[in-house]
Amino acid sequence: MILPIVPYGHPVLRQKGGKVSEVTPEIRQLAADMIETMHEANGVGLAAQQVGRALQLTVLDVRTTDRASQLFMGVREVNIESAMPMILLNPVVLSPEKPEMGEEGCLSFPGVTGDVERAHSIRVSATNLEGEPLQFTATGLLGRAIQHEVDHLNGVLFIDRMTPEERTPLEPKIRVIEKETLEVLKKKRKARGR
Ligand code: ZN
């Protein structure tokens with residue numbers, strides 16, 4: 001099922017996700033719905049907060065882009081295609097290395113893109129949908145996308161990571177999205193009788 005994507009201005013995007021301690025049928029369904037939603041929106045990643053759930057759960061798929069990525073399990077390089085889509089529970093970014101600038105967008109900020117500094121290479125520790133621990137190294141776009149999503153799971157957004165020079169020209173677009181979101185939330189509150 002395709003879920004509505006929460007736009008900037010909604011308070012859930014600032015909430016830190018709760019740990020997923022058990023892979024219930026509900027979590028499996030949520031992960032499947034998030035993958036469907038991400039694919040439909042042509043995104044490379046989606047965090048649970050972006051579908052209104054403050055949980056440590058994110059999905060990724062970098063196959064839709066031609067920006068280079070590498071994935072290593074131990075010392076062995078793994079074919080990226082075979083690892084996509086990726087579902088990460090409780091992911092943590094470890095040993096970030098080689099900071100670099102790169103362009104990012106976000107499904108919660110339609111039409112907004114800007115350069116953000118991220119590590120080129122990261123180690124990731126997470127749990128998979130079988131509830132098993134998972135450790136790998138990701139570089140390039142996959143590494144960048146994971147850093148962006150892990151930020152979401154902690155209530156941090158890509159605009160927070162931009163330099164003032166990068167963010168200032170985007171500010172009018174960001175304000176429009178925020179204002180629309182707040183108006184929709186206000187209408188919903190009214191419809192519920194406050
Ligand atoms: Zn995002």
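Just so you know, ligand 1 is whichever comes first in the structure, and atom 1 is the first atom listed for that ligand. Residues: numbered from 1 along the sequence shown.
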Q.
Under the side chain to side chain contact (heavy atoms under 4.5 Å, CB included) test against Leu88, which residue among Val150, Leu129, Leu60 passes?
A.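 Only one of Val150, Leu129, Leu60 forms a side chain to side chain contact (heavy atoms under 4.5 Å, CB included) with Leu88, namely Leu60.
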**Q.** Check ion pair Glu117-Arg144 (N to O, under 4.0 angstrom)
**A.**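 Looking at Glu117 and Arg144, the cut-off is not met.
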Q) Taking the six-membered ring for Trp, are Phe158 and His148 parallel (under 30°), tilted (30 to 60°) or perpendicular (over 60°)? A)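 Rings of Phe158 and His148: tilted, 30 to 60°.
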Heavy-atom donor-acceptor pair, [X] side chain to [Y] backbone, under 3.5 Å:
{"X": "Asp33", "Y": "Met1", "value": "yes"}
{"X": "Thr37", "Y": "Leu3", "value": "yes"}
{"X": "Gln50", "Y": "Leu46", "value": "no"}

Q) Around the Zn ion (ligand 1), what protein N, O or S atoms are found below 2.8 Å? A)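 N, O, S partners closer than 2.8 Å: Cys106 SG, His148 NE2, His152 NE2.
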